[in-house]
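Whatever order the structure lists ligands and atoms in, that order sets their numbers, starting from 1. Model, not experiment: these values are computed from the prediction.
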Amino acid sequence: MKLTLAVSFAAASMARAASPVNVLLCIEAYCPGCQQFTTDDLIPTYEALGSDVMNVTVVPFGNAHLNDGPDSMTCQHGEDECSGNSYEQCAISLYPDPTDHLTFIGCFDKISGAMAVDKAFETCATQQGLDWDGISACHDDPDKSWELQQAAAAATPSDHTYVPWVVIDGEQYDLDTETDFFGYICDAYTGDKPAACSGKFAKKIAKCENN
Ligand SMILES: *[C@@H]1O[C@H](CO)[C@@H](O)[C@H](O)[C@H]1NC(C)=O
């Protein structure tokens with residue numbers, strides 16, 4: 001009797017959970033619209049809803065191009081962007097939990113205009129207790145950093161026309177028409193709506209075109 005009861009309770013509580021909403025965010029360092037989306041939409045939404053509701057994958061590469069030559073690439077905002085994308089790829093690789101790498105990227109976005117790219121990431125790593133030696137060793141390792149750039153290139157949808165490029169459960173989240181990321185995620189989640197979903201953010205995001 002007791003066993004039957006326990007089993008039915010377990011089944012009842014499992015029925016309310018659902019798979020998290022898959023969110024792919026393609027960004028590039030020094031892209032103002034990416035910074036805006038990350039800071040104003042992604043981070044607060046993730047902080048409010050958490051990993052049970054959102055499965056976040058951040059890919060820092062954006063409109064960069066791998067060139068035919070060995071270890072050669074071109075980035076929209078120049079060398080600093082290539083370098084910044086690499087620091088972010090390294091942080092994501094070393095700290096796969098979005099709770100750790102999202103705030104690191106958000107911190108960089110806030111201070112990146114005020115100091116050199118390496119100094120900005122060092123400041124953010126130190127502030128957040130991340131292993132700066134590990135992150136910079138990854139960035140400075142030509143083989144490791146190139147491998148991560150290639151993986152990020154492959155994970156960036158080739159049909160993207162701007163960044164931030166956001167894909168939610170396989171569908172493009174169109175920044176031309178969508179203004180409420182938080183509400184969109186709440187709607188997309190098929191489990192019981194978290195209490196936070198009764199509140200809303202609404203933002204219009206600028207974009208960096210892919211020329
Ligand atoms: C989260 O997304 C990644 C990348 O798309 C995928 O490999 C993984 O299976 C997803 N996890 C869950 C719990 O859906």
Next item on the list: Identify the protein heavy atom lying closest to atom 3 (C) of ligand 1, giving its residue, its atom name and the separation to 0.1 Å.
Entry: Asn55 ND2, 3.6 Å
Checklist line | Nearest neighbour of atom 13 (C) of ligand 1 from the list Ser51, Pro20, Ser19, on a heavy-atom basis | finding: Pro20
Margin query: Need the ligand 1 atom indices (1-based, order shown) with element for anything under 4.0 Å from a heavy-atom of Asn22.
Written below: 1 (C), 2 (O), 10 (C), 14 (O)
Note to self: Ring centroids only, cut at 6.0 angstrom: are Tyr184 and Tyr173 within range, meaning strictly under it?
What the structure shows: yes
Check: Do any non-hydrogen protein atoms sit less than 4.0 Å from atom 11 (N) of ligand 1?
Finding: yes
Notebook entry, point to check: Looking just at side-chain N and O atoms, do Asn22 and Thr57 make a donor-acceptor pair shorter than 3.5 Å?
Noted result: no
Next item on the list: Compute whether any side-chain donor of one residue and acceptor of the other, for Gln89 and Asn85, lie under 3.5 angstrom apart.
Entry: no
Notebook entry, point to check: Considering only heavy atoms, which of Val59, Val56, Thr57, Val167 lies nearest to atom 4 (C) of ligand 1?
Noted result: Thr57
Checklist line | is_close_aromatic(His139, Tyr87), centroid dist under 6.0 Å | finding: yes
Margin query: I'd like to know whether CD of Gln127 has more than 12 heavy-atom contacts from other residues, nucleotides or ligands below 6.0 angstrom.
Written below: yes
